[in-house]
Amino acid sequence: MQKTNVFPKDFLWGGAIAACQTEGAYLEDNSGLAVSDVSFFDPKLDRQDLAKHRRITSEIIETAMADTGTARYPKRHGVDFYHRYKEDIALCAEMGFKVFRFSIKWSRVFPTGEELTPNQAALDFYDRVLTEIEKHHMIPLVTISHFEMPLALVNRYNGWADRRVVDMFYRYADSLFARFGQRVPYWISFNEINAGRFSTFKSTGVVEDKSANYLQDCYQAVHHQFVAAAKITKRLREINPNAKMGCMIARFTTYAATSKPDDVLQMMLDEQHDNFFYTDVMVRGAYPHYMKRFFAENNVKIAWAAEDEALLKNYTADYLAFSYYVSNVTSAAPEASATTEGNLRSSLKNPYLESSAWGWQIDPKGLRYTLNTFYDRYQVPLFIVENGLGAEDVPDEKGQVVDTYRIDYLQKHLEQVREALIDGVDLLGYTAWSSIDLVSSGTSEMSKRYGFVYVDQDDEGHGSLMRTRKASFYWYQQVIASNGEDLSYSKQTHVALTEL
Ligand code: BG6
C-alpha cells in the first residue's frame, strides 16, 4: 500500500536530555548535591545485572558524600552541558529540532530543598539555556524533576516518603513558573513517575534501610508526587493558562509468556500495577479500583490529606508523555524469574525479539501497540518523550561514528509511530533519547551512548569532550526536514558524513 505522509504539520520533532546526565558542574554556583551525585560507576559492572545500581543504601550515600571527586560519580561531571550548552543547542537546531526537552536540576535551584528563596545563579543559567533555545526557534519542553532531588531531603526526610517534601517541591516549581512560566509551553512534572516503584531511590529518594515498611514508603512517596503534580498544575494554570502540564511514565509494555489464562491475568495485573495505576491517577484523576485490593493484600495504607482527593480530581495532566525503549514479558509461574535487563527493571526473555548489548529487548511494534493502548484508554494527546538505543559507539579511523544500528532502531520505531497515526492516535511529538551522548542513568557509564552527537569522553571521565556528528545526526535531520516522510537511510546521508 502506498503510504501518504501522516505526520501532522505541527508535529514536534526533537530530542531530550536530563540535567543530571549532562550538565556536570555539580557544585558550581552553589549547587547542592542531588540523588544523582550518589550514582556510582563500577568498572566491573555486569551489564545484565543492574539491580545493584538500583539499591542505594545509607552506607553508599555516606561514602559518596565523603568523596568530592567525579571519577567514581560520572553524573557529577556529565558532558559539561553547563558550559557547552550553546554548542549543544546549536547542534539540535542544525538537526532541525522543533522542540528540545531538558530538565532543571532541583538541587541547583534549591541546594538543600529547604531554602525559602531560589538560588538566582541557577535560575540565571536556565534563563540563558531558554534564550538559546528561543534564538534557534525551538520550543522548550521542561521536566521539573528528572531524578535530581536534593540529597539533603533524602538524609533529613527519607525523600518523598515525608509529606513536607510536597511543599518544598511546590516552592521549587513555583519559582520556575514565576521566572519562566510565560516562556515554556510544555512541562512534565515527574520523569517516569512509576520509577518510584522500580528505581525508588533515584525517583523518590526513599532509602530501603531507613524504612520500617519499605513498600508502604514507596507508595506513600508516589502518592505525595501525585499530589505535588496536581498542586503545581493548579499553579501553572494560574500563571499561564496556555501552558500544558504533562504526566510521564516509563512505559512497560508487557506481554504474557504464554496464552495460559494465568499468564494473561498476570499480564493484566502487571499492566495495572506498573503502568496504568500512575496514568489512571494522573489522567483520570482518581485511584483505580484494582489498587485497593493490591494495597490491602500488601499491607499498604496510604495516608491522604483532606485536600488530596479534590486536587487529584481537578488538576489532571493535559497530555500523557512516556518513554519507550523495550517491551517486557511476564508469567504467573512461580519459578519464572527475570532473565534479561530493561529500562528500570528486568523481564523474561521474548524469543521473538532481539536485544541490545545491555539486554534491552527491541520491539518497534510494541510502540504502535502502546500508542493505541494509551489513546484508547484516555483520549488525551500523547507525547513520546524518550525513545532510543543505548549502544557502544566506536569511532572509525576517520573519527566518525557510522551508527547504522541506531538509525535502524529509530527508523523501525518511527515506522510504527506512523502506523499509529494512521490508526488515529493523537500524538503531539517525538523527542528521541538523546540529542547528544550523556552519562547513562542506570549504570553511570559513558560507553552506553544514545546521542546523535558523539562526545569524546570515556567511562572514567577522560577525553576532550569534543562533539562530533554521527551518521544518525544526518539521518534524523533528513527525517525532520521531510516531516517524517523520508525515514530511509540512503547513501546521501552517509556521504554527508564522509565528506566532512
Ligand atoms: C529513562 C530515563 O529511564 O531511560 C533516562 O528517563 C535514561 O534518564 C534512559 O537515560 C535510558 O536509560 P539508561 O539507564 O540506559 O541511561
Open item on the list: I'd like to know whether Y409 forms a side chain to side chain donor-acceptor pair (under 3.5 Å) with N387, so could you lay out the CA-CA distance, the side-chain angles of the two residues, the decisive distance to 0.1 Å, and finally the verdict.
Closed with: CA-CA 9 Å; Y409 176 100; N387 173 236; 3.3 Å; yes
- [ ] Check whether the ring centres of F190 and F169 lie less than 6.0 Å apart, and answer yes or no.
- [x] yes
Open item on the list: Nearest 0.5 Å, please: how far is CD in E192 from OG in S441?
Closed with: 7.5 Å
TODO: Check whether any side-chain N or O of S434 sits under 3.5 Å from a backbone N or O of I436 as a donor-acceptor pair, and report yes or no.
DONE: yes
TODO: Apply the ring-ring contact (aromatic ring centres under 6.0 Å, His included) test between W106 and each candidate in F147, Y172, Y170; give the one that qualifies.
DONE: Y172
Open item on the list: Using only atom types and a distance under 3.5 Å, with no angle test, would you say the side chain of D308 pairs donor to acceptor with the backbone of A305?
Closed with: yes
Task: Main-chain N/O of G113 paired to E115 side chain as donor or acceptor, under 3.5 Å - done: yes
- [ ] Please confirm whether F81 and F102 have ring centers closer than 6.0 angstrom.
- [x] no
- [ ] Kindly indicate whether a cation-pi arrangement holds for R179 with Y126, taking the cut-offs as under 6.0 Å to the six-membered ring centre and within 45° of the axis.
- [x] no
TODO: Considering non-hydrogen atoms only, spot the tightest contact between S444 and P74 and give its length.
DONE: O-CG, 3.2 Å
Task: Test ring-ring contact (aromatic ring centres under 6.0 Å, His included) applied to Y290 - qualifying residues, sequence neighbours left out - done: none
- [ ] Measure from the side-chain N and O atoms of R101 to the backbone N and O of W433, and report whether any donor-acceptor pair falls under 3.5 Å.
- [x] no
- [ ] List the steps and the verdict of salt bridge (Lys or Arg N to Asp or Glu O under 4.0 Å) for K231 and E307.
- [x] CA-CA 10 Å; K231 280 191 154 197; E307 60 177 355; 3.3 Å; yes
Task: Distance-only donor-acceptor check, side chains D209 and T57, under 3.5 Å - done: no
TODO: Please assess D270 against Q266 for the test side chain to side chain donor-acceptor pair (under 3.5 Å), listing each intermediate value before the final yes or no.
DONE: CA-CA 6 Å; D270 284 11; Q266 188 59 48; 2.9 Å; yes
Open item on the list: Ring-plane angle category for H273 and F294, please: parallel below 30°, perpendicular beyond 60°, tilted otherwise.
Closed with: tilted
Task: Residue pairs, two or more places apart or on separate chains, that pass salt bridge (Lys or Arg N to Asp or Glu O under 4.0 Å) and touch residues 12-31 - done: E23-R108
TODO: Kindly give the heavy-atom pair with the smallest separation between L371 and V417, and that separation in Å.
DONE: CD1-CA, 4.2 Å
Task: side chain to side chain contact (heavy atoms under 4.5 Å, CB included) assessment of V385 paired with L141 - done: CA-CA 9 Å; V385 292; L141 193 177; 4.0 Å; yes
Open item on the list: Show, in sequence, the C-alpha distance, side-chain angles and deciding distance for R72 and D67, and conclude whether the salt bridge (Lys or Arg N to Asp or Glu O under 4.0 Å) test is met.
Closed with: CA-CA 9 Å; R72 194 167 149 72; D67 183 341; 5.5 Å; no
Task: Side chain N372, main chain R368, donor-acceptor under 3.5 Å - done: yes
TODO: For the pair D162 and R156, evaluate salt bridge (Lys or Arg N to Asp or Glu O under 4.0 Å) and give the outcome as yes or no after the intermediate values.
DONE: CA-CA 10 Å; D162 193 307; R156 181 117 191 246; over 6 Å; no
Task: Shortest non-hydrogen contact from I188 toward A321 - done: CD1-CB, 3.9 Å
Task: Minimal non-hydrogen separation, A332 against D262, with atom names - done: CB-O, 3.5 Å
- [ ] Supply the atom-to-atom distance K244 NZ to Y186 OH, rounded to the nearest 0.5 angstrom.
- [x] 7.0 Å
TODO: Just do the side chain to side chain contact (heavy atoms under 4.5 Å, CB included) check on W13 and L414 with the steps written out, would you?
DONE: CA-CA 11 Å; W13 294 99; L414 285 173; 3.8 Å; yes
Open item on the list: Nearest 0.5 angstrom please: Y73 OH to Y26 OH, how far?
Closed with: 10.0 Å
Task: Contact summary for S347 and Q361, nearest pair of heavy atoms - done: OG-NE2, 3.5 Å
Task: Mutual orientation of the aromatic rings belonging to W187 and F177 [parallel < 30°, tilted 30-60°, perpendicular > 60°] - done: perpendicular
Task: Any donor-acceptor pair under 3.5 Å from E148 side chain to A19 backbone - done: yes
Open item on the list: Which label fits F374 and F276: parallel for a plane angle under 30°, tilted from 30 to 60°, or perpendicular past 60°?
Closed with: perpendicular
- [ ] Enter the distance from E208:CD to T200:OG1 here, rounded to the nearest 0.5 Å.
- [x] 8.0 Å
Task: Distance-only side-chain donor-acceptor flag, K448 / S356, under 3.5 Å - done: no
- [ ] With sequence neighbours excluded, tell me which residues meet side-chain hydrogen bond (donor to acceptor under 3.5 Å, both in side chains) with T254.
- [x] none
- [ ] For residues A229 and S189, report the shortest heavy-atom separation together with the two atoms involved.
- [x] CB-OG, 3.7 Å
- [ ] Test E309 against K313 for salt bridge (Lys or Arg N to Asp or Glu O under 4.0 Å), laying out the working first.
- [x] CA-CA 6 Å; E309 198 176 331; K313 183 164 182 277; over 6 Å; no
Task: Flag for N119-N30: side-chain donor and acceptor within less than 3.5 Å - done: no
TODO: Determine whether the aromatic ring centres of F322 and Y278 lie less than 6.0 Å apart.
DONE: no
Task: Separation of T204 OG1 from N158 CG (nearest 0.5 Å) - done: 8.0 Å
Task: Polar side chain donor-acceptor pair, Y369 to T253, under 3.5 angstrom - done: no
Task: Trace of the side chain to side chain contact (heavy atoms under 4.5 Å, CB included) decision for S103 with N191 - done: CA-CA 9 Å; S103 69; N191 181 66; over 6 Å; no
TODO: For side chain to side chain contact (heavy atoms under 4.5 Å, CB included), just list the numbers for R197 and L344, CA-CA rounded to whole Å, side-chain angles, deciding distance to a tenth of an Å, and then say yes or no.
DONE: CA-CA 9 Å; R197 187 66 194 88; L344 303 172; over 6 Å; no
TODO: Could you check whether the rings of Y287 and F295 sit parallel, tilted or perpendicular, using 30° and 60° as the cut-offs?
DONE: tilted
Task: K234 side chain vs N314 backbone, donor-acceptor pair below 3.5 Å - done: no
Open item on the list: What verdict does the side chain to side chain donor-acceptor pair (under 3.5 Å) test give for S355 and K349, after you've listed the backbone C-alpha separation in whole Å, the side-chain angles of each residue and the deciding distance to 0.1 Å?
Closed with: CA-CA 9 Å; S355 299; K349 262 259 302 142; 3.0 Å; yes
TODO: Could you tell me the separation between the OH atom of Y325 and the CD1 atom of I362, rounded to the nearest 0.5 Å?
DONE: 13.0 Å
Task: Ring centers of H223, Y219 separated by less than 6.0 Å - done: no
Task: Check: K202 main-chain N/O paired with S199 side-chain donor or acceptor under 3.5 Å - done: no
Task: Check: E445 main-chain N/O paired with D459 side-chain donor or acceptor under 3.5 Å - done: no
